[in-house]
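Below: one structure, written as structure tokens.
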Amino acid sequence: MELIAMALILTAVLIAQYLVYKNLGLRGIDYKLTISKAEAFEGEEIEVIEEITNAKRLPLPWVRSEICCSRWLAFYGDAQNVAKDAQKGFVAGIFMLKGNQKLRRVWRVKCEKRGVFTIEDITLSVSDLFGLVKTSCMIKVKEQICVLPSPSEPQLPTLSSDSFIGNNTVRRFILPDPFLISGAREYTGREPMNRIHWAQTAKTGTPMVYNNEFSTERKVLVAFNLQRMVSDEKQRLSISVLEAQIKAAAFVLDYCYRSHIEAAFAANSEQEIFVPAEQGYEHMLNILRALARIKNRCGAHMDEYFRQLDYSEYTDVIFISNIMSDEMAQVMQELASEGKYVALMSNETEHTGFCDVYRVPRTRSYPMESGDDE
């Protein structure tokens, strides 16, 4: 009789807790997911933060959150019940919550590839002590991160050097700008007499001369081609070539930013991109954001697109392309004959005979994504 009574009591307990967790398990649960940064560079680590609150007295011994995201966001957990290398594209975490308790978990995430990635849905599951019941719900979060491309390291093109004086201040160039004065410095004996700053000389009692900044008129246009074959603009680039070209463009933009050179960007992408010439960090970021969003689709034939561009205000034109057509070669020859510096950065084209060619390294071959053509 005692065994039967104990069995009945145990059965009643199991049924009761089953009904309690089935009806109340998800009630009073609040879940929040945030990403520590809205933008990051390739290879940079960010944090994805989960916060879950149990706003009722009923303890929750098993709560599972399932994050569905891009495989290019590599999750690494710092909790003891999380594997060192979580599966890419699907991340699951286990929580144990007491009544009226709030927990916070931080994931370290490495951004492995440029692009715009969104975490849209989280599946939250709750179970009882014995795993008899499992209730789930879908939570919309829609957290987004833009991963900017990091620059590669090709051989650096030697940009034009005939525009010695201009409007853009740089750290160091060939000759100082005699019209750009920034204070005074001590006389060394090598400066001409007309450079002596008489007011500062009288004030300090030491011979002083005008201090001149360095400037340049250089403007660079980065022309980016997404066409794979001369005869067909619809066929897509291979992923490794596309990413290598994007990294090469990021390299040129970074060089222009560090050298205080104005840079413009044009691409015959599906949604054609043209960013006018400016300088500064925010301008470089704007172009990198456009590069991060580029899809592997060509929007205009390279011959038509690069022929119609206005090159008149630029001193340097750098083409980034995997192929070279006769029309494109003619455009580059015409620009070179006008005194502009012209260079080609490419994965495959070895030489053209009329401009410098720089090999773009393929640092990594990315696996195929759905909808991409190799």
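Just so you know, residue 1 is the first one in the sequence shown, and it goes up from there. Values reported hereafter were calculated over all heavy atoms of this structure, with side chains retained and with hydrogens, waters and symmetry mates removed.
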ask   = Under 3.5 Å, is there a donor-acceptor pair linking the side chains of Ser150 and Lys247?
value = yes
key: Side chains of Phe265 and Ile273 in contact at under 4.5 Å (non-hydrogen atoms)   = yes
inquiry  = Within the 4.5 Å heavy-atom criterion, are Ile294 and Glu270 side-chain neighbours or not?
reply    = no
remark   = Heavy atoms of Met324 and Ala329 approach each other most closely as SD-N, 3.6 Å
Neighbour count above 12 (heavy atom, 6.0 Å) for Lys56 NZ = yes
query = Does the side chain of Leu221 reach to within under 4.5 Å of the side chain of Ile318, using non-hydrogen atoms?
reply = no
task = Answer yes when Lys142 and Glu120 have at least one side-chain N-carboxylate O distance shorter than 4.0 Å, and no when they do not.
result = no
ask   = How about Tyr281 and Tyr257: are their ring centroids closer than 6.0 Å?
value = yes
request  = Specify the closest pair of heavy atoms between Pro149 and Phe41, including all atoms of both residues, with the distance to one decimal.
outcome  = O-CD2, 3.8 Å
query = Given side chains that start at C-beta, do those of Lys113 and Arg71 come closer than 4.5 Å, heavy atoms only?
reply = no
inquiry  = For a 4.5 angstrom cut-off between non-hydrogen side-chain atoms, does Cys256 reach Gln279?
reply    = no
ask   = Do you know which two heavy atoms are closest between Met96 and Gln101, and how far apart they sit?
value = O-OE1, 4.0 Å
query = So which heavy atom on Ser65 is nearest to which on Tyr31, and how close?
reply = CB-CE1, 4.1 Å
message = Please tell me whether Phe306 and Phe319 form a close aromatic pair, meaning their ring centres lie under 6.0 Å apart.
response = yes
request  = Inspect the contact between Glu39 and Lys37 and indicate whether a charged nitrogen and a carboxylate oxygen are less than 4.0 angstrom apart.
outcome  = no
ask   = Would Glu47 and Arg108 pass as an ion pair if we require N to O under 4.0 Å?
value = no
Trp62 and Ile94, any side-chain heavy atoms less than 4.5 Å apart = yes
message = For a side-chain contact (heavy atoms from CB on, under 4.5 Å) check, start with the C-alpha distance between Met208 and Glu186, then their side-chain angles and the critical distance, and finish with the verdict.
response = CA-CA 4 Å; Met208 304 290 287; Glu186 288 190 10; 4.0 Å; yes
message = Do Leu33 and Ile49 make a side-chain contact, defined as non-hydrogen atoms from C-beta onward lying under 4.5 Å apart?
response = no
task = Could you tell me which non-hydrogen atom of Leu226 sits nearest to which non-hydrogen atom of Lys295, and how far apart they are?
result = CD2-O, 3.4 Å
query = Closest approach of Gly25 and Leu60, non-hydrogen atoms and distance?
reply = O-CD2, 3.8 Å
ask   = Looking at Phe95, does the NZ or CZ of Arg105 lie under 6.0 angstrom from its six-membered ring centre and within 45 degrees of the ring axis?
value = yes
inquiry  = If we check side chain to side chain contact (heavy atoms under 4.5 Å, CB included) with Arg307, which of these qualifies: His301, Glu334, Met328?
reply    = Glu334
key: Donor-acceptor pair between Asp30 and Thr53 side chains, under 3.5 angstrom   = no
request  = Could you tell me whether Lys110 and Glu45 make a salt bridge, using a distance below 4.0 angstrom between a side-chain N and a carboxylate O?
outcome  = no
query = With distance as the sole criterion, is a donor-acceptor pair present between the side chains of Glu50 and Trp107 under 3.5 Å?
reply = yes
query = So, Asn54 versus Asn100: side-chain donor-acceptor pair below 3.5 Å or not?
reply = no
request  = Would you indicate whether Asp232, at its atom CG, is surrounded by more than 12 heavy atoms from other residues, nucleotides or ligands within a distance under 6.0 Å?
outcome  = yes
Test: Arg258 and Asp254 ion pair at under 4.0 Å = yes
ask   = Side chains of Ile67 and Phe90: closer than 4.5 Å at any heavy-atom pair?
value = no
